[in-house]
Amino acid sequence: MHAAEIRARFLDFFASKGHTVVRSSPLIPGNDPTLLFTNAGMVQFKDVFTGRDARPYTRAVSVQRCVRAGGKHNDLENVGYTARHHTFFEMLGNFSFGDYFKREAIHYAWELLTDVYRLPPEKLWVTVYHEDDEAYAIWQQQIGVPATRIVRIGDHKGARYSSDNFWQMAETGPCGPCSEIFYDHGPHVPGGPPGSPDADGDRYIEIWNLVFMQYNRSADGALTPLPKPCVDTGMGLERIAAVLQHVQSSYDIDLFQALIRAATRATGMTAAPPRKPLEHFSVRLPLARARRQYGDRCGRSRSPSRSDGGDPAAIPNTQNGEATQGKPMKNALETALKVIADHIRACAFLITDGVIPSNEGRGYVLRRIIRRAIRHGYQLGCKTPFFHALVVDLAREMGSAYPELAAAQRRTTDILHQEEARFFETIASGMAMLEAELSSIAPRVHARSDMVSPLLSGELAFKLHDTYGFPLDLTADICRARGVGVHEAAFNAAMARQKERARSAGKFNPEQGKIEYRGGKTAFTGYESLRADASKIVALYAEGEAVERLYAGQRGVVVLDTTPFYAESGGQVGDQGMLSARDARFAVTGTFKIQANAAGHHGTLEYGELSVGDAVRAEVEQARRARTMRNHSATHLMHHALREVLGAHVQQKGSRVDADKTRFDFSHSAPLNRAQIQRVEALVNAEILRNAPTKARTMPYDEAIRSGAVALFGEKYGDSVRVLDIGFSRELCGGTHVARTGDIGLFRIVSESGVAAGIRRIEAVTGEAALRHVQMLETQLLAAAGALKTMPEALCARIEQLQQQLKTLEKERTQWQAAQAARQRDALAAQVVEIGGVQVLAAQVDNADARALRAAVDALKDQLKHAVVVLASVHDGKVNLIGGVTSPCNQTIHAGELVNFVAQRIGGKGGGRADLAQAGGTQPAQLSSALHTVKAWVENQLNLTERYSPAK
């Protein structure tokens, strides 16, 4: 039964039982900021289980895509070394929200497994929590499972409810017992039944877990029955597919075999026909290379259940100095192909769901997975990008189940290719450095069997990370295959030192220095008014220290109990303006948060004195605030327009909004073309023309998200948030905005560029700044049209005409140069002298640049066959020098050495290959005498023909 059929039959079965089929949610959890990725089928229903969300159905079934490669749930290091660990997997699950409970859940599971999937009942074992007599009785009395195949699982070390068969969502909240279903592969596979001392073997494999949410755990640990018990089940598609396809490893199922064949093709390996076990792969690699790449223990399993035994002493079989299907070589190849096949699923789905490779958070996990796959391909001999080529195969296998994967195929391929190209620029140097160090460590590994595993230097691991882009776990993965650990403490220390240096090297802005403020909150009134007439000074600071009074001319920070000044936050700069008292005036140059709810007004006291407790009038600079608001509101409209034009994958990755412009960073893998930019501008300006009122509301975070508000990735939000509706945009935002979209006036994009892999940046202007930009462009257009003596509307046609004329002239020049070169070549051939059977030519050529010289040298080499040619020309007071030596003459005479010899006599230096080299010089007056030395140099190299005789 193919994986696609298993998936479809699961959904159809539960749909027939009254379950609503719910599509897989994205890998980025929308309702749980504590999770890095969606790691289970119940994640999208978490709020339903806790009662914070209500759905129109009480029964649901889903096939949820999941990733376990970061944070608490991380299987990355085991992928490729075990039979069932994956970074990406699909979780089949059925759910009851206060509808049915244990009896129905157990009966549904048994019916699906035995009637639909037709598994032999005698092959199935079950476990229950040791106190769950209800579930035990259902299995034994209603289903008919013999007591010998029902195992009660107790608590760990006597701590109640600590059993593997007791599930809890968190330290408090919904929890309850669970019942697991196991499949028995048979006595020919090592391992004991669940709950036995040798349960870790591969004979009995867990295929399904039924969780019964029966209680609510309070902070004191007490359990109280839930008024509406729920059911949450999970069955890994890959695991059940392995059982139904009669294989023990999930890497041998049809889905993975297709991807492994694709990985085999992309990496240039050779394989037997499709659907054959991996031992039919045949690879021939030089033994030295095999040992250099994998070591004598290459590919050894870390799992005791691997059938190869992981013999550390096994050495590849050899024939004529090559490795041929030796066990470690085979295992290393299998591991590499498994890793690549697994990782393309995780990477493609993460990118489809909006994650971009980066150096932090989810993006960093994605980068680690990509680079781990690249490293395995690199060690198979791939020295150019290959990983991205697997996206098309993955879309072919899984695109029908996940249409979003197929829709994002091109973008995913582009992002992976960019990331690969970036890493391939440094991987060779990094691997060479690491291999050199491991080679010096490896001989000590087997010296004593009882020795502690040696450690790679933490400083070297950090250098690989910092200079060559090797994540720590990638270095550790490479080392593990050689029996070497990594000194992580030293790595972390080196990382900490670098961060400290970066902080020290950064520009210190005294206005934003740390201020130890322990007072109350600052009430912000700037949404309603730009002036507060009676704000009280609650704290003063000078040079970062708390003071009671500021004097005229002093720079400092003023903290008020109430302020209309917006403190820099969410990408919007802080307000500027004035604080005034009867005999004092403080010019505010910036407003920043000194605590989460306290604002500091940074600036200079122009005259008078200010004391703690004084009342001041706080007045924001109105024109500057208005320009900033226009730019901020336009940013919201632009964000929405970008998502409409480019796709839902667009996410804000940073912004800077001030009075002059808005700078907006967002996730997208390719530059915007002119049509896309114009479309974004048109959409934004259309909303401006609608002149719709801006609406701001405060509501609970969950309610805001359900209403369709966009939460910015990486931002921290409280339980209560401010939701802003501006035109067609709805986002969470605490910034200041225009009252109506028409207040923006005009919107123009002035630049679009890339700032990192998969991250683009747009700068845009509004209002008067947009008008000035349009007028500036018009001035330049009129100037260009005047210079070319045409009208502005005919400027493009005039430029095309001039370009065509230029092409014609360039073609004529090239033809003239070719004719000149042919004449010069014939003249130069007459200057050839023969030395020891080699034809030697050294001459100066007039009116020739480096390209023409190279072409002339190549032509003379072809014409003369066994020759040494040195040509030179002088241009703008500098000498160009090209030397060429034909084969097999270049075995004795090296063009790079010859050219360097001549260049040193004209004030230069150079070099190159044995057959072709280039140099330059700054002393053209010495060129003639320098060229005369060529014949003597060649004669000396040939040693009067005794050391070299040209081929007949």
Side-chain angles (χ1 to χ4, degrees), residues 76-81 267 283 285-302 308 310-316 318 321-323 326-340 368 371-383 423-495:
L76 183 59
E77 291 186 359
N78 294 318
V79 172
Y81 295 96
T267 56
V283 177
L285 293 175
L287 177 59
R289 174 179 161 195
R291 284 176 170 162
R292 183 170 64 251
Q293 292 178 349
Y294 303 108
D296 287 342
R297 308 200 306 173
C298 57
R300 184 162 67 92
S301 171
R302 308 298 291 180
D308 58 39
D311 181 7
I315 299 175
T318 61
E322 292 186 333
K327 183 181 293 184
M329 270 306 304
K330 181 188 73 175
N331 294 340
L333 173 61
E334 288 182 10
T335 299
L337 294 176
K338 289 176 182 177
V339 168
I340 294 168
R368 287 164 53 200
R371 294 189 172 185
R372 190 171 188 265
I374 294 172
R375 191 271 296 184
H376 280 278
Y378 183 86
Q379 290 194 303
L380 292 180
C382 295
K383 299 300 187 285
F423 190 40
F424 267 107
E425 293 176 357
T426 60
I427 189 173
S429 300
M431 286 295 294
M433 179 179 294
L434 180 55
E435 286 293 339
E437 182 65 18
L438 288 175
S439 297
S440 67
I441 295 176
R444 302 196 296 271
V445 174
H446 306 294
R448 289 173 46 200
S449 60
D450 61 342
M451 70 176 291
V452 177
S453 296
L455 296 178
L456 182 78
S457 160
E459 287 73 16
L460 177 60
F462 175 73
K463 184 174 183 179
L464 290 168
H465 161 81
D466 190 47
T467 306
Y468 301 104
F470 280 45
L472 177 61
D473 55 357
L474 174 58
T475 300
D477 193 49
I478 298 170
C479 291
R480 183 170 68 246
R482 303 280 284 270
V484 177
V486 177
H487 198 311
E488 292 195 24
F491 172 90
N492 292 333
M495 177 72 80

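Being a predicted model, the structure only gives us computed values, none of them experimental. Positions are given from 1 along the sequence.
- G458 approaches A490 most closely through the heavy-atom pair CA-CB, 3.7 Å.
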Residues R375, V339; criterion side chain to side chain contact (heavy atoms under 4.5 Å, CB included); working and verdict: CA-CA 10 Å; R375 191 271 296 184; V339 168; over 6 Å; no
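- The two residues T267 and G377 make their nearest non-hydrogen contact at CG2-CA, 4.4 Å.
- By the 4.5 Å heavy-atom criterion applied to side chains, D477 and H376 are counted as neighbours.
- Taking OG1 from T475 and CG from L438, the interatomic distance works out to 9.5 Å, rounded to the nearest 0.5 Å.
- A373 approaches I340 most closely through the heavy-atom pair O-CG1, 3.8 Å.
- Listed by chain and residue number, nothing satisfies the side chain to side chain donor-acceptor pair (under 3.5 Å) test with E488 (two or more places apart in sequence, or in another chain).
- Side-chain contact between L464 and L474: absent, with no pair of heavy atoms (C-beta onward) separated by less than 4.5 Å.
- Summarising the geometry of V486 relative to C479, their closest heavy-atom pair is CG2-SG, 4.1 Å, with the distance given to 0.1 Å.
- Atom-to-atom distance recorded for I374:CD1 and Q379:CD is 13.0 Å, nearest 0.5 angstrom.
- With hydrogens and angles disregarded, no donor-acceptor distance shorter than 3.5 Å links the side chain of R371 to the backbone of F423.
- Legend: residues meeting side chain to side chain contact (heavy atoms under 4.5 Å, CB included) with H465, ordered by chain and number and at least two apart, are Y364, F462, F491, M495.
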